[in-house]
Each structure stands twice: as structure tokens, then as C-alpha cells.
Amino acid sequence: MGLVVTRLTLRNFRSYELFEIEPDRHLTVLVGENAVGKTNAIEAIELVTAGNSFRRPQWSELVRWGSAECQVSLQAGGDGRAFSTDLTVSSDGRRSYRVNGKAKRRIAEVAGIIPCVVFTPDDLRMVKDSADKRRAAIDDVGDQLSPAYLAARMEYERVLRQRNALLKDPGSDEGVLDALTERLIAHGASFCGHRRRLFDRIVVKLSDVYETLSPGETLSAEYIPSWDRGGELSHGDPVELMAHALGQRASEERARGLTLVGPHRDEVAFLIGGRDARSFGSQGQTRTIALAWKLAEVSVISEIAGQPPVLLLDDVMSELDERRRHALASFVGGAAQTFVTTTNLGYFEGDMIRRAKVIHIP
């Protein structure tokens with residue numbers, strides 16, 4: 001099974017003065033009322049595995065009120081290896097990581113050593129929410145699997161911020177803007193290539209999982225670059241296509257002070273039986289797509305990383321109907337070490353609870 005989490009310790013993290021657990025190597029259920037801190041534990045695991053948080057907080061928000069700093073410590077073991085990651089965050093938002101006791105300066109040196117997949121109620125709306133949600137679903141996987149992916153995304157976003165700042169300035173130099181546009185195109189085309197290749201791998205698994213969850217229905221997905229909204233340019237040179245689209249929208253970009261072409265504007269479309277799920281899919285169908293996507297992530301990460309991810313399920317059982325809860329229950333704890341939070345053990349099948357380590361949080 002590869003590395004699995006053996007201990008998690010939180011000190012002055014969010015609501016906790018001290019919280020420590022030794023999870024089951026397969027399935028751990030954290031049960032308690034709302035607002036007791038179950039989600040905080042899920043977030044802490046993500047911070048020391050993926051290097052980020054689905055809450056996208058200000059770093060200072062992680063520190064318990066009145067404390068100078070917080071610490072998250074994770075220990076793992078398996079395949080004859082021992083591993084530890086420590087995160088320290090000060091009340092002014094400064095943060096530092098240590099891996100096996102050695103300081104790490106970059107998130108890329110931490111993210112993905114033990115990869116993770118997080119599934120929250122917000123993810124159930126990924127099909128009908130804004131495109132940001134669907135792009136992030138790919139990037140959160142890519143950042144963990146490949147330092148090159150993370151570097152390409154961060155460099156593209158850095159150039160994008162610089163270009164947007166110039167577009168907002170009416171007096172900015174056109175020569176500088178042209179130079180930034182060339183860099184945006186180069187980094188944008190590179191990053192888009194990374195993202196599309198990963199997307200293609202996920203979609204293969206996604207279609208199979210969806211058809212298992214919803215027999216008789218077929219699911220496909222398309223990645224649509226911002227320069228190809230008509231669907232006719234997918235196989236051209238992305239550098240030329242992006243440059244052409246930027247040229248066409250140059251006046252509009254100046255007027256709006258915003259870059260309107262690039263991977264930050266790309267779209268993902270899910271199609272059930274050839275029809276756009278965002279427009280025509282039922283709530284049950286779109287939720288099944290979200291569930292299938294997360295299970296596909298687990299499969300792809302396991303293949304590429306050679307290490308099953310930690311699967312973090314934050315109160316999703318309450319949002320699924322009985323059939324989908326059963327489908328998820330049959331998966332968790334087998335393909336990946338799983339942590340589940342809930343307010344009600346009644347959402348879980350008896351066999352699932354019997355094989356889990358249940359931790360009550362008062």
C-alpha cells in the first residue's frame with residue numbers, strides 16, 4: 001500500500017490546542033457535532049501532503065487565537081520506510097516545512113511525497129460551478145504529481161499577474177507589454193500542455209468509473225482552450241493559436257485591464273450521452289460525475305506516483321443518496337488510506353464501521 005499515515009499531531013492549529021491521533025492504515029472515521037474541528041483535521045493532513053488547503057485560507061488564520069504559532073506534524077511508514085513532515089506557521093503568516101527533519105524552502109519539495117485527494121461538499125458542485133473549480137480539480141492533482149507541472153503553473157501565473165498589472169495602467173509601456181505577452185504565450189502554451197495531458201489520463205478513468213456508478217449512461221469530457229471556444233482549433237500549434245487570439249482581443253484587454261486568453265480561462269465540459277451536463281444534467285448525474293472524478297484521481301495518482309494517495313472525505317456522506325453512499329463505501333479504505341468526517345454514523349453501512357477506526361471528537 002506504500003506509505004500510510006501513522007500519526008497526526010496538531011498544536012495550536014485552528015480550534016485545537018493539542019490534537020493527536022494514530023489512524024487506521026485503511027479507514028479512519030472522525031465523528032462529532034458541527035464546529036468541533038473535524039474539518040480542521042482534514043485540512044491539516046492536506047497541508048502536509050499536498051502543501052495547500054481546499055479552504056484557501058490566509059496562513060495566519062491557521063494559528064489558534066492567542067498563540068504565537070501553530071504546528072502540524074505527520075508521521076508515515078510503509079515498505080520499510082519511515083517519513084515525517086512538519087509545518088510551522090507563525091501568527092504573522094510566515095510558514096516553514098521540514099521533511100525528515102530537514103528544512104524545505106519550496107512547496108514543490110513537500111507536495112506529493114504522500115499525495116492526497118480531498119472530497120468536500122463543495123466539490124459536488126464542480127460541474128455547474130464556475131470553470132475555476134474544474135481547472136483547480138486538474139491542477140490540484142498535477143501540482144502533487146510533478147514538480148514540472150507546479151513550476152509551469154506558478155511561472156505562468158506570475159507572468160499573468162505582471163501582465164494584468166500593466167493592462168490596468170493606462171500609461172504602461174507598449175514595448176514592455178509586448179515582451180510580457182510573448183512570455184505569457186510561451187509559458188501558457190507549456191502549462192496548457194501539462195494540464196491537457198493530465199486531463200486526458202484522468203478522463204479515461206473517469207468514464208469507466210462513471211459507467212460503473214451509472215450503468216447505461218456514458219460520460220465523456222472535453223478540454224476547451226480559451227482560444228478555441230468554437231471547438232475547431234484543438235489540434236493547431238498552441239503558441240500560434242494563443243498569439244492570434246490575444247491579438248484579436250488586445251483592445252478589449254486594454255479596456256478591461258485584464259488578460260482574456262490563456263490557461264486561466266480554459267474550460268472543461270462534461271457530456272452525458274453527448275449532452276452538456278452543466279446545462280442538461282440532473283443533480284444526481286452531476287454529483288455522480290464529481291464522485292467519479294475523485295475516484296479517478298485516486299486511480300491516476302496511484303499509477304503515476306506509484307503511491308496511493310490519502311483520501312480525505314469531509315462530510316460528503318450526508319450529501320449523497322443511498323446508492324452513491326454505497327458506491328463510495330465500497331471503495332474507501334481499499335484503494336487508499338481514507339479519512340472520513342461525519343456528524344452521523346448512520347450514514348455508513350455496518351460493515352464499513354466495523355472495519356474502521358472510529359474517533360469521537362467531543
Side-chain angles (χ1 to χ4, degrees), residues 52-59 93 122-123 125-140 142-143 148-199 221-271 275-281 286:
N52 58 27
S53 163
F54 64 92
R55 287 169 158 169
R56 305 296 194 256
Q58 296 294 320
W59 286 95
D122 284 347
D123 293 316
R125 298 191 294 271
M126 69 174 288
V127 175
K128 299 206 172 187
D129 270 359
S130 69
D132 290 347
K133 192 80 171 179
R134 294 180 286 281
R135 290 191 295 266
I138 309 169
D139 295 343
D140 286 347
D143 287 353
Y149 189 108
L150 176 58
R153 180 181 66 78
M154 293 181 71
E155 184 60 24
Y156 172 74
E157 291 177 354
R158 187 175 70 85
V159 176
L160 176 65
R161 287 192 298 271
Q162 294 173 339
R163 189 172 188 271
N164 282 342
L166 278 185
L167 288 170
K168 288 180 171 66
D169 179 5
S172 61
D173 185 278
E174 286 295 331
V176 177
L177 180 61
D178 289 345
L180 274 177
T181 299
E182 290 184 9
R183 291 175 59 199
L184 184 87
I185 292 167
H187 290 298
S190 173
F191 175 44
C192 186
H194 281 287
R195 189 192 270 165
R196 292 189 72 168
R197 286 190 291 272
L198 177 57
F199 171 80
E222 297 177 354
Y223 188 93
I224 307 168
S226 58
W227 57 79
D228 186 24
R229 288 292 187 250
E232 301 173 354
L233 306 173
S234 295
H235 301 295
D237 182 348
V239 171
E240 294 180 2
L241 294 171
M242 188 173 173
H244 179 70
L246 283 165
Q248 287 187 318
R249 305 191 72 176
S251 297
E252 185 183 358
E253 287 189 329
R254 268 298 192 185
R256 296 178 59 180
L258 198 64
T259 300
L260 301 175
V261 177
H264 67 292
R265 290 269 177 155
D266 291 354
E267 178 59 282
V268 171
F270 298 100
L271 309 171
R275 303 183 77 193
D276 188 344
R278 190 175 187 189
S279 300
F280 300 103
T286 57

Spacing of [X] atom [atom1] and [Y] atom [atom2] [to the nearest 0.5 Å]:
X	Y	atom1	atom2	answer
S53	W59	OG	CH2	8.0 Å
L260	W227	CG	CH2	14.0 Å
S279	L271	OG	CG	10.0 Å
R135	Y223	CZ	OH	7.5 Å
H264	T259	NE2	OG1	5.5 Å
L180	I185	CG	CD1	11.0 Å

For the pair [X] (side chain) and [Y] (backbone), establish whether a donor and an acceptor sit closer than 3.5 Å, ignoring hydrogens and angles.
X	Y	value
D266	S226	yes
K133	M126	no
R195	P263	yes
E222	A269	no
S172	D169	yes

Can you see which heavy atom on [X] is nearest to which on [Y], and at what distance?
X	Y	value
A221	F199	CB-CZ, 3.7 Å
P225	R196	CG-NH1, 3.5 Å
R254	L177	NH2-CD2, 3.7 Å
V261	E253	N-OE2, 3.8 Å

Are any of the side-chain heavy atoms of [X] and [Y] separated by less than 4.5 Å?
X	Y	answer
D228	L241	no
M154	R158	no
F191	E157	no
N164	L258	yes

| Stepwise, does the side chain to side chain contact (heavy atoms under 4.5 Å, CB included) test hold for L166 with Q162? | CA-CA 7 Å; L166 278 185; Q162 294 173 339; over 6 Å; no
| request: Sort and list the pairs that fulfil side chain to side chain donor-acceptor pair (under 3.5 Å) and have at least one residue in residues 179-194, not counting sequence neighbours. | output: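 Pairs touching residues 179-194 that pass the test: R163-T181.
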| query | In chain order, what residues pass the side-chain hydrogen bond (donor to acceptor under 3.5 Å, both in side chains) check against Q248, with sequence neighbours excluded? | reply |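 With neighbours one apart ignored, the set is H244.
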| query | With R56, which of D140, D122, D132 fulfils salt bridge (charged side-chain N to carboxylate O under 4.0 Å, His left out)? | reply |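 Single salt bridge (charged side-chain N to carboxylate O under 4.0 Å, His left out) partner of R56 among D140, D122, D132: D140.
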| Are R134 and D129 ion-paired here, with the side-chain N under 4.0 Å from a carboxylate O? | no
| message | So for atom CD, which belongs to Q58, do other residues, nucleotides or ligands contribute more than 12 heavy atoms lying within a distance under 6.0 Å? | response |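 No, CD of Q58 has 12 or fewer neighbouring heavy atoms, counting only those of other groups under 6.0 Å.
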